[in-house]
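Working notes, structure below.
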Protein chains: 2
Amino acid sequence: MSKLKKKYRSGIEAALEVIGGKWKGIVYYHLSHGKKRTQELNRLIPTITRKMLVKQLRELERDGIVERTVYAEVPPRVEYELTDYGQSLKPVLNTFCEWGESHLEQVYGDKNHVLDQFSDLNHC
Amino acid sequence: MSKLKKKYRSGIEAALEVIGGKWKGIVYYHLSHGKKRTQELNRLIPTITRKMLVKQLRELERDGIVERTVYAEVPPRVEYELTDYGQSLKPVLNTFCEWGESHLEQVYGDKNHVLDQFSDLNHC
DNA sequence: CCGTATCCACGCAGATACTG
DNA sequence: CAGTATCTGCGTGGATACGG
């Protein structure tokens, strides 16, 4: 985990540092539904570049949320999954996500019009 | 509230759009402890520039989280406070904040070493 | 006191090509 | 397949000065 000395003004800042930003949330979201290979994640999030994806995963790893497993095969296979510690974010992000969806309803009337659908995933 | 048509991949993204980023969390945090004038907020968050502060407040206002009240006085007085809708984020951000604080403990051993103290505020 | 305008530098992130 | 390197642009946000 990160050991940078830095001042935070509230736990919100600290949590946002771990899971905030443009990509972390959606990456976490997919990993919370099970172990994934790099490529799978990239396919699930087509708009992220490989470079960014790897960067997000490294940071999640550094913060102890995600574990990276490399299999000594050819061609190489790498899998990412939530650590036990990462699981502790689940209920937190779940209420967060639910608030987000109800917010979309507030703003747009129908959240489904602005939420991309995933075949086999339910929301939140 | 915002009416931009945009696709979200999960409620997390939507919520992050409202409360994510470098400043929104801490601004919300202070407003959740009561109505504040512009200057007060700027004093409570010394590292934010006036321009950024106003920008964050405008966005929170646009998203229906914050209400801005202008008093026709000289010198001018402007106050910001959470709307009823904004209050709905309180329990959500509270669990968020608590996770953040416990995360700091995990990483640093003692969260108080990295948490700036506020005189009259308790954490979260 | 509150907010905006202008200028500008820096860093983030995209595209692309490359290695193991 | 997974990941890195380089190069580049574009936007974000800081500093500063000004206006209502």
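All figures in this text were calculated on a predicted structure; none of them were measured in a lab. Proteins come first, then strands; the chains are lettered A, B, ... in the order of their sequence lines, and each starts at number 1.
Looking at residues two or more places apart in sequence or on another chain, you find a side-chain contact (heavy atoms from CB on, under 4.5 Å) between A/Val54 and A/Arg50, A/Arg58. Judged as a side chain to side chain donor-acceptor pair (under 3.5 Å), and not counting sequence neighbours, the contacts of B/Glu17 are B/Lys6, B/Tyr8. B/Ser102 is linked by a side chain to side chain donor-acceptor pair (under 3.5 Å) to nothing, counting only residues two or more places apart in sequence or in another chain. Under the side-chain contact (heavy atoms from CB on, under 4.5 Å) criterion, A/Val74 pairs with no residue at all, not counting sequence neighbours. Applying the side-chain contact (heavy atoms from CB on, under 4.5 Å) test to B/Gln87 and every residue at least two apart in sequence or in another chain returns B/Leu82, B/Lys90. Listed by chain and residue number, nothing satisfies the side chain to side chain donor-acceptor pair (under 3.5 Å) test with B/Thr83 (two or more places apart in sequence, or in another chain).
Judged purely by atom type and a 3.5 angstrom limit, B/Tyr85 has no side-chain atom pairing as donor or acceptor with the backbone of B/Val66. Proximity of a side-chain donor or acceptor of B/Asn42 to a complementary backbone N or O of B/Ile48 within less than 3.5 Å is detected. In this structure, B/Tyr29 contributes its side chain and B/Leu93 its backbone to no donor-acceptor pair below 3.5 Å.
Heavy atoms of A/Lys51 sit under 4.0 angstrom from at least one base atom. When heavy atoms are screened at a 4.0 angstrom cut-off, A/Arg50 is found touching base atoms of the nucleic acid.
For residues 24-33 of chain B, the set of pairs meeting the salt bridge (Lys or Arg N to Asp or Glu O under 4.0 Å) definition, not counting sequence neighbours, comprises B/Lys24-B/Glu59. For the salt bridge (Lys or Arg N to Asp or Glu O under 4.0 Å) condition, the pairs that include at least one residue of residues 28-49 of chain A, sequence neighbours left out, are A/Lys35-A/Glu79.
In the helix from C/dC1-D/dG20 to C/dG20-D/dC1, the terminal helix axes, each the rotation mapping four pairs' C1' atoms onto the next four within five end pairs, subtend 40°, rounded to 10°.
Contacts between residues 65-73 of chain B and DNA chain D, defined by a heavy-atom separation under 4.0 Å, are absent.
Salt-bridge check for A/Arg9 with A/Glu13: failed, with every basic side-chain N at 4.0 Å or more from each acidic carboxylate O.
Contacts between chain A and DNA chain D, taken as any atom within less than 4.0 angstrom of a protein heavy atom, begin and end at D/dC1 to D/dT6. Put simply, chain B comes within 4.0 Å of DNA chain C, heavy atom to any atom, from C/dC1 to C/dT6, going 5' to 3'.
Ring pair B/His103/B/Trp99 is parallel by interplanar angle, where below 30° counts as parallel and above 60° as perpendicular.
Residues B/Arg37 and A/Lys55 both approach DNA chain C. Their nearest nucleotides, taken by heavy-atom distance, put B/Arg37 toward the 5′ side.
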